[in-house]
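Report on the following structure.
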Amino acid sequence: TMCANSDEKTLEQNKLGQQLLDYETRAHRVNDYLKQCAEDALWAGEGFIYKGWNPNLGEEVAPDMNTDSGAPEMDPATGQQKVLHVGDWEFENLTTLDIIRDVDVLSYQQLEWVIVRRFENKWNLVVQYPQFKDAIMRASWALTDRRNSKFGYSADNHRDLVPTFEFFHNKTVAVPNGRQTKFLDADTVLFDGPLAYSARPVYRCAYAELRNNPFGWTVGFSLLPLAEANNRLTSTLLTNVATFGVTRVLNPRGANISLQALLENLAVIDYTPTGPSGGKPEVLNMSNPITKEVGDLLKFINDKMETYVS
């Protein structure tokens with residue numbers, strides 16, 4: 001990082017700050033999240049990283065006390081006093097399916113609010129929000145709803161995870177303190193208050209921007225029809241190779257040949273010969289419908305796909 005000043009003290013502070021940033025980057029595997037975010041942007045047009053503060057992480061520092069009465073805060077599940085932790089940042093990769101937004105704005109940068117969907121362990125939520133235990137447990141049995149589907153993951157097979165939604169509103173003239181709301185559904189609000197961050201804790205990487213649209217674009221979208229054509233042609237080629245690649249032997253009934261020797265690598269078709277002379281085993285020549293033009297078309301499609309991604 002660059003320093004505004006060049007005196008020795010400033011340079012030493014800059015060096016120390018850079019070392020702290022490097023340590024935090026390694027400790028939280030930030031580079032891994034950045035790589036996954038870039039990969040998501042390649043196939044989906046945009047990728048996201050959620051960076052939120054979790055006060056329940058880190059080392060224990062002190063017993064928890066009620067700020068109003070000064071009485072100990074008790075855990076209803078264990079009957080013991082709650083303990084405060086140092087807290088720490090938590091990161092998570094999200095896809096475009098996890099970001100709910102206003103589709104009428106002209107760009108992602110103009111969005112004043114987003115709703116982030118994350119799947120969290122229900123038992124951790126019960127400890128954090130014991131007053132909503134029944135609602136949290138019910139949510140784990142409602143995962144068959146299509147709104148809860150997640151790319152590459154079947155949530156209905158994992159009853160320990162429940163979808164949570166976090167609403168983040170920027171600090172604006174209309175909402176000077178911002179807004180942050182965590183909820184399960186319209187009837188279950190786990191938290192509601194001012195925005196606890198200087199900006200939304202969601203960071204986006206886009207391959208390219210769609211004009212007058214808050215969504216991203218990627219060359220992968222242009223590859224979809226070509227990939228479908230490639231799949232169909234390749235499937236046709238393999239089907240015909242499997243169909244016509246095995247030699248078929250015409251075997252006249254009564255020829256007294258051993259079929260066992262033929263059946264291992266050849267296909268035998270029995271037939272009844274006509275005429276006084278009978279018949280003899282011979283190869284059945286069947287023309288392959290795959291022409292040179294089909295192979296040329298497949299090569300053209302592959303070349304076009306390589307041009308798009310080069």
[atom1] of [X] to [atom2] of [Y]: how many Å apart, nearest 0.5 Å?
X	Y	atom1	atom2	value
D102	I115	CG	CD1	10.5 Å
I99	F215	CD1	CZ	10.5 Å
K51	E90	NZ	CD	12.0 Å
Q18	N14	CD	CG	6.5 Å
N230	S235	CG	OG	11.0 Å
I100	E166	CD1	CD	12.0 Å

Count I, L, V, M, F, W, Y as connected when their side-chain heavy atoms are under 4.5 Å apart, and connections chain through other members. Are [X] and [Y] then in the same cluster?
X	Y	value
W89	Y203	no
Y207	L224	no
F191	F168	no
V86	L57	no
L226	L237	yes

Is it the case that over 12 heavy atoms from other parts of the model lie below 6.0 angstrom from the [atom1] atom of [X]?
X	atom1	answer
W53	CH2	yes
K171	NZ	yes
R101	CZ	yes
E8	CD	no
F300	CZ	no
E59	CD	no

Hey, does the side chain of [X] reach the backbone of [Y] with a donor-acceptor pair shorter than 3.5 angstrom?
X	Y	value
T218	F221	no
N170	T172	no
T188	L184	no

Can you check whether [X] reaches [Y] side chain to side chain, under 4.5 Å on heavy atoms?
X	Y	answer
C37	N93	yes
H28	D88	yes
P201	F91	no
V83	P63	no

Side chains of [X] and [Y] only: does a donor on one sit below 3.5 Å from an acceptor on the other?
X	Y	value
R117	T95	no
T10	D7	yes
N54	H85	no
D40	Q36	yes

For [X] and [Y], work out which heavy atoms get closest and say how close.
X	Y	result
Y129	I136	O-CD1, 4.0 Å
E112	R200	C-NH1, 3.8 Å
F183	V189	CB-CA, 4.0 Å
C205	A41	O-CB, 3.4 Å
P176	V173	CD-O, 3.8 Å
A229	I301	CB-CD1, 3.7 Å

Less than 4.0 angstrom from a charged side-chain N to a carboxylate O is my criterion; do [X] and [Y] meet it?
X	Y	answer
E228	R232	yes
K182	D192	no
R26	D22	no

Would N56 and Q128 count as a side chain to side chain contact (heavy atoms under 4.5 Å, CB included) if you check the C-alpha gap in whole Å, the side-chain angles of each, and the deciding distance to 0.1 Å? CA-CA 9 Å; N56 299 303; Q128 296 176 55; 3.4 Å; yes
Give the intermediate values and the outcome of salt bridge (charged side-chain N to carboxylate O under 4.0 Å, His left out) for residues E60 and K82. CA-CA 10 Å; E60 299 179 354; K82 293 182 179 180; over 6 Å; no
Checking side chain to side chain contact (heavy atoms under 4.5 Å, CB included) for the pair L94/V116: CA distance, chi angles, key distance, verdict? CA-CA 9 Å; L94 302 173; V116 177; 3.3 Å; yes
Y33 six-ring centre to R29 NZ/CZ under 6.0 Å and within 45° of normal: yes
Angle class for the F48/Y108 ring planes (parallel below 30°, perpendicular above 60°, tilted otherwise)? tilted
H169 vs F167 aromatic rings, parallel, tilted or perpendicular, using cut-offs 30° and 60°? tilted
Trace of the side chain to side chain contact (heavy atoms under 4.5 Å, CB included) decision for Q19 with E24: CA-CA 9 Å; Q19 291 174 345; E24 291 294 331; over 6 Å; no
Go through K299 and D303 one step at a time and tell me if the salt bridge (charged side-chain N to carboxylate O under 4.0 Å, His left out) criterion holds. CA-CA 6 Å; K299 183 178 184 303; D303 292 342; 3.0 Å; yes
Side chain to side chain contact (heavy atoms under 4.5 Å, CB included) between W123 and D160, intermediate numbers included: CA-CA 7 Å; W123 303 111; D160 282 345; 3.2 Å; yes
The single option from E120, R118, K122 that satisfies side chain to side chain donor-acceptor pair (under 3.5 Å) with T164 is E120
